[in-house]
Amino acid sequence: MSGEAGMSAVRLWGGRFESGPADALARLSVSVQFDWRLARYDLLASCAHARVLHRAGLLDDKELARLLAAIDELSRACQTGEFRPTAADEDVHTALERGLLERVGSLGGRLRAGRSRNDQVATDLRMYLRDHARRVVARLAELQTALMEQAGRHLAEQTPAPGMTHLQHAQPVLLAHQLLAHVQALSRDVARLRDWDNRAAICPLGSGALAGSSLPVDPEAVAAELGFDAPAANSMDAVADRDFAAEFCFAAALAGVHLSRLGEEVVLWTSHEFGWAEIDDAYATGSSIMPQKKNADVAELARGKAGRLIGGLTGLLTTLKGLPLTYNRDLQEDKEPVFDAVDTLLLVLPAMAGLVSSMQFRADRLANGAAAGHALATDVAELLVRRGVPFRDAHEAVGHLVVWCQVNDCELGDVSDEDLQKVSPHLTPDVRSVLSVSGAIAARDTVGGTAPGRVADQLAALRHDVAAAAAWAAEG
Ligand code: ARG
């Protein structure tokens, strides 16, 4: 931007200055390249503000009508791209004021009464985020649905899977149970965003620069018109507070962590060594040199993008930590991390939903692996406990059995009656009755357990939650 362009720009604070801004200041100061996406919300807030000024007797009927028509026209021009910010516009508010002045001349300047960019920008950002939280929730619900469809299919087939701790075979589970574990994490993300929205629904407009307004503006009416629950209770807090942005970044970062963990699982599942699942061609990538390769880049990018979401949160908290009340220009740095968080989630979620819904699980491999690694050892120990053996002794007896199997390279069920007795007198031949994967799974029949009936209950409850989340997202 040249110095001349800077000087010919609409500046909202030129009155007390004799010279225009230095180029270096203008370049540092400008935010329109990223805050332009607030234009829609800034215009909605301007309509509400114009009505308030009219009710306060500061605009007559004709002036209000002309202003609203001009805002409407400007809004359409923004949508078609016919009105664009120029290099000389400092921020979205400056650019839109220029657009209004171009349309209605000095009447456009009347809208400045009773508000400041400080309450405007805080209002716009809340509106943007509340709107986009709903879009993010809609996409989260789609990914949950993709996971639930796979879970439903594999629940019907009772597909077992090797349940792991420490990435080692632990106990068999239903594949559906494992898939629904990811749905649960995403449900918490949805709940967090919905809960966040309750706190974000406070309207700063009317707070002016920091102290409120001496003009009879009507913060309650503005708040209601813009879909907020209430106006801010403290004008100083209202223009200084960015908790809503930081909390949004946290909710996004934690959702990113959940996507990353799901991504990591997909990478493992689809590796040759696991061989639990195959990625559909549409969601796999190849290698430029190795013709045989089929890579899980979607899952890896989901894992990788968590880094930038966490970074955005960390950066924003760092920006906020030393600020005195009230508005400080540092706060302009609040936007890029939240915008990036929204963009990142809206990019990753549909790709993950597509990846999950088109993935083919290999039930045979999962079933073969489910009992591997002596994964039914706990079942034997718990059988002994049911017979009155203290768990400590049962654990030790079965531990010896496992070592015996490792030394003799066999499975728990292959040990003869004689050898069972040799290992421990507790190990009578009928302990073999619990050595079945389906039996072990069916036995975990406590709330939240992997028994088919419990998993079915879980799936039904999640379907209900996800439908409610999708409805909430569609409301806004
Ligand atoms: N572009 C600014 C921001 O995003 C708008 C508020 C400017 N206010 C001020 N007093 N300079 O924070």
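Each ligand, and each atom within it, is numbered from 1 in the order the structure gives.
Remark: ligand 1 atoms within the under-4.0 Å shell around heavy atoms of Asp91 are 1 (N), 2 (C), 5 (C). Distances below 4.0 Å separate heavy atoms of Gln332 from the following atoms of ligand 1: 1 (N), 2 (C), 3 (C), 4 (O), 12 (O). Short contacts between ligand 1 and Ser31, defined as distances under 4.0 Å to a heavy atom of the residue, involve ligand atoms 1 (N).
Ser260 places no side-chain N or O within donor-acceptor distance of the main-chain N or O of Gly256, the cut-off being under 3.5 Å.
A salt bridge links Arg130 with Asp197; the closest basic N to acidic carboxylate O contact falls under 4.0 Å. A salt bridge does not link Arg37 to Asp42: none of the charged nitrogens lies less than 4.0 Å from a carboxylate oxygen. Ion pairing between Asp195 and Arg188 fails under the 4.0 Å rule for side-chain N and carboxylate O.
At a heavy-atom cutoff of 4.0 Å, ligand 1 is contacted by no atom of Val92, backbone or side chain. Counting heavy atoms closer than 4.0 Å to ligand 1, residue Lys335 contributes side-chain atoms (C-beta onward) but none from N, CA, C or O.
Qualifying ring-ring contact (aromatic ring centres under 6.0 Å, His included) partners for Trp196, counting only residues two or more places apart in sequence or in other chains: Phe248.
Taking any N or O of Tyr327, backbone or side chain, at least one lies under 3.5 Å from an N or O belonging to ligand 1.
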